[in-house]
Amino acid sequence: MSQPPFRTRIKFCGMTRPGDVRLAGELGVDAVGFVFAARSRRRVDAAQAAAMVEALAPMVDAVALFMDNPAEEVREVIARVRPALLQFHGDEDEAFCRSFGLRYLKAVPMGGEASLDPLQLHARWPSAAGFLLDGHAPGEAGGGGVAFDWSKAPRGLIKPWFMAGGLTPDNVHDAVASTRPWGVDVASGIEAPDGVPGAKDGARMRRFVEEVRRADCG
Ligand SMILES: O=C(O)c1ccccc1NCC(=O)[C@H](O)[C@H](O)COP(=O)(O)O
């Protein structure tokens, strides 16, 4: 029996300009991410993110991304930005992640010597809506354009998982075709190499989406 058609979800992360958010919606992207991590060159404040949400097409999720931010700051962002989903990149435990009453993704570092035990992930964050497997090493910030060894991608993850780290319009077709993630997440790969941090490049955004869809048809 043939497989039902599958549409790989796409999240564009580290948005800093309303025009990029608008284009993401027009391209059919599923979610956009706003980074509130202190260590990020793409960091925005709640007022900037709230303004970008105004440019968001209906049915496109806003995701608020944190890395060991104080709970008070997370609560303030939720109140002002109204994200559909949270994403945690630091040492946040299960109790912290679920304490805000919103669905969340837990990011998992895949760089360095890290190896992934799907059962352990589920046991540590049973309330996670899904996981985001990122290319950076443990303790490092994401968003650096670093890919992980795709052969380490899990086979036994029951919850939806995103592939992240070092994806570009040139490699995302192969990434999707070889690992079949539930979704892909990209920041650097849709920015101009010499551009302002966070500012996305329209042609790269478009080509990234086209390449994911080409993999979905394969
Ligand atoms: O993007 C950041 O600046 C960032 C900073 C601190 C923690 C996480 C961060 N980004 C997380 C993401 O979801 C990125 O999209 C993901 O790491 C992929 O980034 P890239 O390799 O640049 O595509």
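Both ligands and their constituent atoms are indexed starting at 1 by order of listing. The figures here come from the full heavy-atom set of this structure, side chains too, leaving out hydrogens, waters and symmetry mates.
- Close contacts between ligand 1 and G144 involve ligand atoms 22 (O) [criterion: under 4.0 Å to a heavy atom].
- Within ligand 1, the atoms closer than 4.0 Å to a non-hydrogen atom of V146 are 21 (O), numbered from 1 in the order shown.
- Nearest protein heavy-atom contact of atom 1 (O) of ligand 1 is R42 NH1, 2.9 Å.
- Polar contact check, G166 against ligand 1: a nitrogen or oxygen pair lies under 3.5 Å apart.
- One N or O on the side chain of S188 and one on the backbone of G143 form a donor-acceptor pair closer than 3.5 Å.
- A donor and an acceptor atom, one from each side chain of E94 and S127, are located under 3.5 Å apart.
- Of all the atoms in ligand 1, the ones that sit under 4.0 Å from a non-hydrogen atom of L65 are 8 (C), 11 (C), 12 (C), 13 (O).
- The nearest protein atom to atom 15 (O) of ligand 1, hydrogens excluded, is given as D185 OD1, 2.4 Å; this is a heavy-atom distance.
- Between F100 and F96, the ring centre distance stays below 6.0 Å.
- Between E73 and R80 there is no salt bridge, since none of the side-chain N atoms of the basic residue sits less than 4.0 Å from a carboxylate O of the acidic one.
- Taking any N or O of A187, backbone or side chain, at least one lies under 3.5 Å from an N or O belonging to ligand 1.
- Within the structure, the closest approach of R43 to ligand 1 does not fall below 4.0 Å when heavy atoms are considered.
- Protein heavy atom at the shortest distance from atom 19 (O) of ligand 1 is G143 CA, 3.2 Å.
- Within the structure, the closest approach of G135 to ligand 1 does not fall below 4.0 Å when heavy atoms are considered.
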Verdict with supporting geometry, H122 and Q120, side chain to side chain donor-acceptor pair (under 3.5 Å): CA-CA 5 Å; H122 286 133; Q120 212 182 28; over 6 Å; no
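- The closest approach between G14 and ligand 1 stays at or above 4.0 Å for every heavy atom of the residue.
- Atom 4 (C) of ligand 1 has G142 O, 3.3 Å as its closest protein atom, hydrogens excluded (heavy atom only).
- Between the D61 side chain and the V32 main chain, no donor and acceptor come within less than 3.5 Å of each other.
- Among H89, H136, E191, the residue whose heavy atom lies closest to atom 11 (C) of ligand 1 is H89.
- At under 3.5 Å, a nitrogen or oxygen of G145, whether backbone or side chain, sits near a nitrogen or oxygen of ligand 1.
- Those atoms of ligand 1 with a heavy atom of A141 less than 4.0 angstrom away are 6 (C).
- Among protein heavy atoms, atom 3 (O) of ligand 1 sits closest to S40 OG, 2.6 Å.
- Scored by the salt bridge (charged side-chain N to carboxylate O under 4.0 Å, His left out) test, D170 finds R207 as partners (sequence neighbours excluded).
- Judged by distance alone, with hydrogens and angles left aside, the side-chain atoms of D201 form no donor-acceptor pair with the main-chain N or O of I190 at under 3.5 Å.
- Near Q87, meaning under 4.0 Å from one of its heavy atoms, ligand 1 places the atoms 13 (O).
- When atom types are taken as modelled, the side chain of K200 and the backbone of L23 share no donor-acceptor pair closer than 3.5 angstrom.
- Given atom 16 (C) of ligand 1, the protein heavy atom at minimum distance is D134 OD2, 3.3 Å.
- With distances taken over non-hydrogen atoms, the option nearest atom 22 (O) of ligand 1 out of A164, G33, S188 is S188.
- Under a 3.5 Å cut-off, the side chain of K106 and the backbone N or O of G90 do form a donor-acceptor pair.
- A donor-acceptor distance shorter than 3.5 angstrom exists from the side chain of R9 to the backbone of R7, with no hydrogens or angles considered.
- If you number the atoms of ligand 1 from 1 as listed, the ones under 4.0 Å from a heavy atom of A37 come out as 6 (C).
- Side-chain contact check for K11 versus D30: every heavy-atom pair is 4.5 Å or farther apart.
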